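Heads up, the thing below is written out as structure tokens.
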Amino acid sequence: MRDNMSEIFSAKRMGRLMKKYVVENRMSLLISAGCVTLVMVIIGLVNGWAYGYSKWQNGHIEELVFMTIAFYMCGMIVAASPAFKSMWDTKSTIATLMTPASQMEKFLVRWIVSVPCYVVWGLLSAFLADVLKKLFVVYVMGGEISMLDWGSMLFGMKGTNVHCDSSEFYSVLLVFIFIQSFYLLGSVVWRKKNFIKTTYVLVILFIVYAVAWNIMMNTPSPEYIFRGTFYMGFTPLILYMVLGTIINYVLTYKRFREADIIHRW
């Protein structure tokens with residue numbers, strides 16, 4: 001049993017594989033990380049400039065909205081969609097599959113870089129942008145502006161700047177991870193234009209869900225039986241997204257595993 005587990009996962013082998021992956025992809029990773037930070041900084045500075053000239057009365061709200069949109073878009077474009085780019089051509093595919101490590105370890109390396117590492121870097125970039133925004137307004141524009149209430153958003157501390165508690169923040173983060181899981185799956189399913197194809201699929205799924213939901217909510221039925229049963233409350237929605245994310249990860253791994261089986265066969 002222990003030998004079988006070591007074939008699937010080894011911490012030492014995983015560490016070497018992570019180092020190899022970072023070294024081989026350092027340029028693309030640096031460019032992706034730089035793009036995320038640059039976008040966040042631009043949003044922060046523009047927000048500070050607009051707030052300083054009273055163009056945005058609710059500066060913190062606009063900043064949160066634009067940062068969230070940027071966080072989502074960068075997460076799909078620079079983190080999830082290229083996650084399995086080594087499987088997009090025959091030469092890279094063979095080199096990836098022949099690397100002396102299990103498919104689980106190869107999958108985990110890409111998942112760690114695309115999900116946890118991206119989330120941490122995206123938040124650090126947003127915080128840096130918020131700091132630069134304040135410095136820009138105070139020392140360049142000669143005005144006064146407060147930072148986002150990071151303590152309230154991340155740790156549930158009481159704050160006065162932003163009406164956003166930690167539960168709302170982590171709900172938004174969960175939605176991001178759920179949506180991003182589709183792009184991870186699309187990265188290993190399609191070799192070309194996987195971002196566009198995955199977006200099309202998500203739009204179709206959203207339309208189907210919206211139509212079905214509208215029909216379901218307008219179908220005559222006893223209130224306590226129908227609406228009480230099918231209403232997607234907060235907790236059921238969370239469970240749905242968690243389950244959907246896990247399913248997408250499993251499908252991504254299975255598709256990645258199939259490539260190895262086909263190659264060896």
Side-chain angles (χ1 to χ4, degrees), residues 22 25-83 111-181 183-184 195 199 234 237-238 241 245:
V22 172
N25 299 276
R26 60 182 178 276
M27 186 56 65
S28 61
L29 292 175
L30 285 174
I31 293 175
S32 298
C35 288
V36 175
T37 303
L38 179 62
V39 170
M40 291 296 184
V41 169
I42 291 174
I43 291 173
L45 294 179
V46 170
N47 176 270
W49 174 82
Y51 187 79
Y53 283 106
S54 300
K55 294 182 182 296
W56 289 346
Q57 297 300 322
N58 298 315
H60 290 308
I61 303 301
E62 282 86 355
E63 185 177 11
L64 274 175
V65 170
F66 284 113
M67 281 188 171
T68 300
I69 294 174
F71 183 81
Y72 271 57
M73 293 303 298
C74 291
M76 314 311 169
I77 297 174
V78 305
S81 292
W111 178 83
I112 290 172
V113 172
S114 302
V115 185
C117 287
Y118 172 77
V119 169
V120 172
W121 184 257
L123 291 176
L124 289 175
S125 298
F127 180 76
L128 173 63
D130 203 33
V131 172
L132 293 178
K133 174 201 70 176
K134 183 175 179 63
L135 294 177
F136 175 73
V137 172
V138 173
Y139 294 104
V140 177
M141 300 185 65
E144 197 60 48
I145 190 173
S146 58
M147 293 177 60
L148 295 173
D149 199 337
W150 294 95
S152 175
M153 288 190 294
L154 297 177
F155 309 110
M157 300 177 182
K158 292 183 178 180
T160 57
N161 295 335
V162 182
H163 300 290
C164 178
D165 57 30
S166 56
S167 62
E168 294 174 342
F169 170 78
Y170 289 110
S171 295
V172 172
L173 184 59
L174 177 60
V175 173
F176 163 76
I177 293 175
F178 172 63
I179 297 175
Q180 192 201 40
S181 66
Y183 287 89
L184 275 176
F195 174 78
T199 302
F234 183 70
L237 184 58
I238 288 179
M241 288 190 292
T245 302

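Remember, it's a predicted structure, so these values are computed and weren't measured experimentally. Values reported hereafter were calculated over all heavy atoms of this structure, with side chains retained and with hydrogens, waters and symmetry mates removed.
Taking the six-membered ring for Trp and the full ring otherwise, F155 and F169 have centroids separated by 6.0 Å or more.
Side chains of K134 and Y139 form no contact here, defined as non-hydrogen atoms less than 4.5 Å apart. Side-chain contact between V113 and N25: absent, with no pair of heavy atoms (C-beta onward) separated by less than 4.5 Å. With contacts defined as side-chain heavy-atom distances shorter than 4.5 Å, the pair S114/Y183 does not qualify.
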For this session: Take F127 and M40 through the side chain to side chain contact (heavy atoms under 4.5 Å, CB included) test and state the conclusion after the steps.
Result: CA-CA 9 Å; F127 180 76; M40 291 296 184; over 6 Å; no
For this session: For side chain to side chain contact (heavy atoms under 4.5 Å, CB included), just list the numbers for C35 and I31, CA-CA rounded to whole Å, side-chain angles, deciding distance to a tenth of an Å, and then say yes or no.
Result: CA-CA 6 Å; C35 288; I31 293 175; 4.2 Å; yes
For this session: List the steps, then state whether side chain to side chain contact (heavy atoms under 4.5 Å, CB included) holds for M153 with L64.
Result: CA-CA 11 Å; M153 288 190 294; L64 274 175; 3.7 Å; yes
Problem set entry | Worked verdict on N47 versus F66 for side chain to side chain contact (heavy atoms under 4.5 Å, CB included) | CA-CA 9 Å; N47 176 270; F66 284 113; over 6 Å; no
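Here the straight-line distance linking atom CE of M67 with atom SG of C74 works out to 11.5 Å at 0.5 Å rounding. Distance check: S167 OG to L174 CG gives 12.0 Å after rounding to the nearest 0.5 Å. Taken to the nearest 0.5 Å, the CZ atom of F178 stands 13.0 Å off from the CD1 atom of I238. Rounding to the nearest 0.5 angstrom, the gap separating the OH atom in Y118 from the CD1 atom in I177 is 11.5 Å. With values rounded to the nearest 0.5 angstrom, L30 atom CG is found 6.5 Å from M27 atom CE.
For F71 against L123, the heavy-atom pair with the smallest separation is CE1-N, 4.4 Å. Taking every heavy atom of both residues into account, I179 and Y72 meet most closely at CD1-CE2, 4.1 Å. Heavy atoms only, all atoms of each residue included: W111 and P116 are closest at O-CD, 3.2 Å. In terms of heavy-atom proximity, S181 sits nearest to T245 at OG-CA, 3.9 Å. Closest non-hydrogen pair, I43 versus E63, comes out as CG2-O, 4.4 Å. Contact detail for Q180 and A80: the closest heavy-atom pair is CG-CB, 3.5 Å.
Side-chain atoms of K133 come within 3.5 Å of backbone N or O of S146 as a donor-acceptor pair. A donor-acceptor pair is defined here as one N or O able to donate and one able to accept, closer than 3.5 Å; no such pair exists between the side chain of T37 and the backbone of G34.
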